[in-house]
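Accompanying notes for the structure given below.
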2 protein chains.
Amino acid sequence: MGFERDCMSDRIRRVLAERIIGGELAPGERLVEMRIAEEFKTSQAPVREALRELETLRLVESEPYRGTRVREVGEREMAEAYAVRAVLEQAAAETAAPALKGDLGGLRRCLEALRASALAEDQAGYARHNLEFHRRIVEASGNRILLQTWDALGFETRVRIRLARHEPDLAHLADIHDPIFEAIEAGDGPTAGRLLREHAESFIAVHSASSPATEGA
Amino acid sequence: MGFERDCMSDRIRRVLAERIIGGELAPGERLVEMRIAEEFKTSQAPVREALRELETLRLVESEPYRGTRVREVGEREMAEAYAVRAVLEQAAAETAAPALKGDLGGLRRCLEALRASALAEDQAGYARHNLEFHRRIVEASGNRILLQTWDALGFETRVRIRLARHEPDLAHLADIHDPIFEAIEAGDGPTAGRLLREHAESFIAVHSASSPATEGA
DNA sequence: AGGAGATCGATTATCGATGGTCAAGTCTCC
DNA sequence: GGAGACTTGACCATCGATAATCGATCTCCT
């Protein structure tokens with residue numbers, strides 16, 4: 001998973017994804033294939049591929065002959081995604097803890113980078129290191145399907161959307177990871193799992209509270 | 001999710017998927033775009049789209065300029081998928097049980113169809129009804145992302161692969177669903193969840209036992 | 001003989017153009 | 001004045017052809 005191809009379609013996909021995440025492309029906005037093709041000095045084919053891939057990442061949605069538009073990422077969907085993430089990470093941590101004990105260094109570095117970003121109020125950096133922390137745990141479970149499933153939830157983008165919306169106290173959020181790390185340090189998978197689950201689930205309330213179920217197709 | 005488009009690319013995708021599931025296309029076999037295009041009396045473009053979609057369904061894998069081939073679905077991956085399925089369905093059942101109590105009819109019909117297929121030794125039918133039973137539960141959780149995640153695991157195909165490999169006692173497998181149904185009937189989400197999880201996890205041992213980690217890219 | 005490098009065939013990635021489809025606006029006829 | 005058929009524009013789905021890339025084979029020099 002995750003080789004850096006350099007086809008045109010991949011480049012287009014990356015750029016469009018970045019724009020959607022950055023809010024440059026508003027939800028509901030249309031993505032017209034030929035217009036994008038012109039911008040990238042390319043033809044329609046690579047654009048179509050890129051759009052289809054973005055569709056599987058759930059960043060856009062398209063209807064036959066009706067075109068593609070940026071997906072509305074409602075708070076409800078956000079809460080649902082965190083609920084799924086919660087159970088996945090719990091399961092991952094339960095099996096990953098022993099494996100992680102052997103290589104705590106990487107995880108510790110993540111945690112430190114996380115804290116540094118939090119202090120610097122660097123949202124993008126915080127998001128990146130945060131994701132890396134969690135992803136390492138999922139990866140260490142040794143279950144590739146679990147990792148792919150976790151990746152497919154697209155938290156790469158969700159976290160940044162959430163931070164942009166709610167602007168929470170990064171330093172406080174960073175601290176929450178300490179007990180998780182300690183549980184892993186102690187090789188206590190079940191506790192680490194439970195903490196991770198609670199960590200993820202604590203965001204569900206935040207999301208549900210702010211907006212009453214934005215319906216998305 | 002799941003409108004029946006009638007583009008050429010969708011038709012191609014369906015046919016190819018059916019062939020892969022049915023074993024007509026062996027794992028590792030190459031899928032050459034132009035050859036398929038000729039067969040369907042079409043051009044390369046729709047074939048490409050179909051292949052890319054099959055790739056996200058993990059039925060095939062492709063490398064740039066190297067082509068696409070049918071994915072090797074190893075026993076290890078199978079076991080991993082069932083492990084993920086286990087936690088997803090557990091989580092689903094816990095919240096879905098109350099909602100399902102209101103409409104037990106559909107679930108009961110699934111169960112009956114399931115048993116009928118088992119008695120008739122109809123593997124395809126068993127797979128279909130079995131999946132429908134489980135999917136209804138996930139659907140009833142009300143969490144769309146959870147449902148999408150579950151769908152993305154591709155058990156539509158996995159179950160049939162597994163049945164083809166191991167040819168288990170369908171009648172016995174069908175019976176296992178009874179206590180799950182009863183727990184739901186009683187509105188006992190946690191119990192239903194636990195049973196579902198154990199149900200899924202019971203397959204992991206089967207898979208791990210038969211083949212020592214078939215590596216897939 | 002043996003290996004670095006050129007060449008070739010096969011296949012993918014991309015191109016520019018065309019045919020179909022949808023939605024909105026226009027025109028007709030009542 | 002209004003409902004429905006017709007036209008129009010914009011756009012997607014597909015096409016046939018071309019460029020780019022890969023793996024393997026072949027060549028030539030030592």
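Naming convention: chains lettered A, B, ... in sequence-line order (proteins, then strands); numbering from 1 in each chain.
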Item checked: Within 6.0 Å of CD in B:Gln44, more than 12 heavy atoms from elsewhere ->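 Yes, the 6.0 Å shell around CD holds more than 12 heavy atoms from other groups.
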Write down the distance between [atom1] ([X]) and [atom2] ([N]), rounded to a whole number of angstrom.
| X | N | atom1 | atom2 | answer |
| --- | --- | --- | --- | --- |
| A:Phe40 | C:dT14 | CZ | C1' | 15 Å |
| A:Met8 | C:dA13 | CE | C1' | 10 Å |
| A:Glu38 | C:dG16 | CD | P | 11 Å |
| B:Arg48 | D:dC15 | CZ | C1' | 15 Å |
| A:Glu33 | D:dG9 | CD | P | 22 Å |
| B:Arg69 | D:dG23 | CZ | C1' | 12 Å |
| B:Glu63 | D:dG23 | CD | C1' | 12 Å |
| B:Arg30 | D:dC22 | CZ | P | 14 Å |

Next item on the list: Between B:Leu31 and A:Lys41, just flag the one whose closest nucleotide in DNA chain C comes earlier from the 5' side.
Entry: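 Result: B:Leu31.
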Starting the side chain at C-beta, find the nucleotide from [options] nearest to [X].
| X | options | result |
| --- | --- | --- |
| A:Ser43 | D:dC12, C:dG16, D:dA20 | C:dG16 |
| B:Tyr65 | D:dC15, D:dT21, D:dA13 | D:dT21 |
| A:Ala45 | D:dC11, C:dC15, D:dA20 | C:dC15 |
| B:Met34 | D:dC11, C:dT12, C:dA13 | C:dT12 |
| B:Arg52 | D:dA13, C:dA13, C:dC15 | C:dA13 |

Check: Does the base of D:dA13 carry an N or O that pairs as donor and acceptor with the side chain of A:Gln44 under 3.5 Å?
Finding: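 Looking at the base of D:dA13, it does pair with a donor or acceptor on the side chain of A:Gln44 (distance under 3.5 Å).
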Should [X] and [Y] count as an ion pair when the cut-off is N to O under 4.0 Å?
| X | Y | result |
| --- | --- | --- |
| B:Glu77 | B:Arg71 | yes |
| B:Glu39 | B:Arg19 | yes |
| B:Arg48 | A:Glu49 | yes |

Next item on the list: Establish, with yes or no, whether the OP1 or OP2 oxygen of C:dT11 is under 4.0 angstrom from a side-chain nitrogen or oxygen of B:Arg35.
Entry: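 Yes, B:Arg35 has a side-chain N/O under 4.0 Å of OP1/OP2 on C:dT11.
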Next item on the list: Return no unless some side-chain N or O of B:Arg66 is found under 4.0 Å from OP1 or OP2 of D:dT21.
Entry: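 The answer is no; no side-chain N or O of B:Arg66 sits under 4.0 Å from OP1 or OP2.
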Notebook entry, point to check: How are the rings of A:Tyr82 and A:Phe155 set relative to one another: parallel (under 30°), tilted (30 to 60°) or perpendicular (over 60°)?
Noted result: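 Answer is perpendicular, since the angle exceeds 60°.
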Next item on the list: Assign A:Leu51 to base, sugar-phosphate, or nothing according to its heavy-atom contacts below 4.0 angstrom with the strands shown.
Entry: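 Contact class for A:Leu51: none.
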